[in-house]
K.L.:
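Have a look at the structure that comes next, please.
Position 1 is the first residue of the sequence; numbering continues from there. Every heavy atom of this structure was used, including side-chain atoms; hydrogens, water molecules and symmetry mates were not.
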Amino acid sequence: MTHAGLAFGAFHRYIYKPLLAGDFKGLFKHKPAVIKATAAAVFIAHEVKLAAADARASAVLAPLVAPLTTFSTGFAAALAKLKSGKFNLGEIQSANIAIGSIEGSAKSAGLSIAEQVPSLP
């Protein structure tokens, strides 16, 4: 589940933690944080699609198809808002909860999703 690990690691590093820390507020810090978050969101959407495709192609990963697909759909909607510079803390928190749920489902199925943090420019 490398793709899911990269997506979830990027989400936490570039979107969730900065949002909670208030990095999207303030005149001088806002623009760089939004640029990184938007780039990360595009990367995350791509990686989650790849993770869902991997899950559909594997009997072992099959229990993760539905939660990954649901996450992908919800995240696509959040990405559209993020690109316009709008942040909804509730949606970001919901995405974090969904990630925890997917990781829990993987663990219940005897799988492990190790979060990895990709480097962004």
K.L.:
Name each donor-acceptor pair under 3.5 Å that joins a side chain in residues 56-69 to protein atoms two or more places apart or in another chain, with its distance.
P.N.:
unit_1	atom_1	unit_2	atom_2	d
S58	OG	V60	N	3.2
S58	OG	L61	N	3.2
T69	OG1	V65	O	2.8

K.L.:
Mind checking side-chain contact (heavy atoms from CB on, under 4.5 Å) for T2 and listing every partner two or more places apart, or none if nothing turns up?
P.N.:
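Partners of T2 by the side-chain contact (heavy atoms from CB on, under 4.5 Å) criterion, ordered by chain and then number, come out as L6, Q116.
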K.L.:
Return a table of donor-acceptor pairs under 3.5 angstrom between the side chains of residues 92-110 and protein atoms on other chains or two or more places apart.
P.N.:
unit_1	atom_1	unit_2	atom_2	d
S94	OG	G90	O	2.9
N96	OD1	H12	NE2	2.5
N96	ND2	Y16	OH	3.4
S105	OG	S101	O	3.1
S108	OG	G104	O	3.1

K.L.:
How long is the span from the CG atom in L19 to the CD atom in E91, to the nearest 0.5 Å?
P.N.:
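Reported to 0.5 Å precision, the distance equals 11.0 Å.
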K.L.:
Yes or no on side-chain contact (heavy atoms from CB on, under 4.5 Å) for Y14 and T38, after CA distance, side-chain angles and deciding distance?
P.N.:
CA-CA 9 Å; Y14 296 106; T38 302; over 6 Å; no
K.L.:
Can you list, pair by pair, the side-chain donor-acceptor contacts under 3.5 Å of residues 39-53, counting residues two or more places apart and other chains?
P.N.:
unit_1	atom_1	unit_2	atom_2	d
E47	OE1	H3	ND1	2.6

K.L.:
Do F11 and V117 make a side-chain contact, defined as non-hydrogen atoms from C-beta onward lying under 4.5 Å apart?
P.N.:
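No - every pair of side-chain heavy atoms lies 4.5 Å or more apart.
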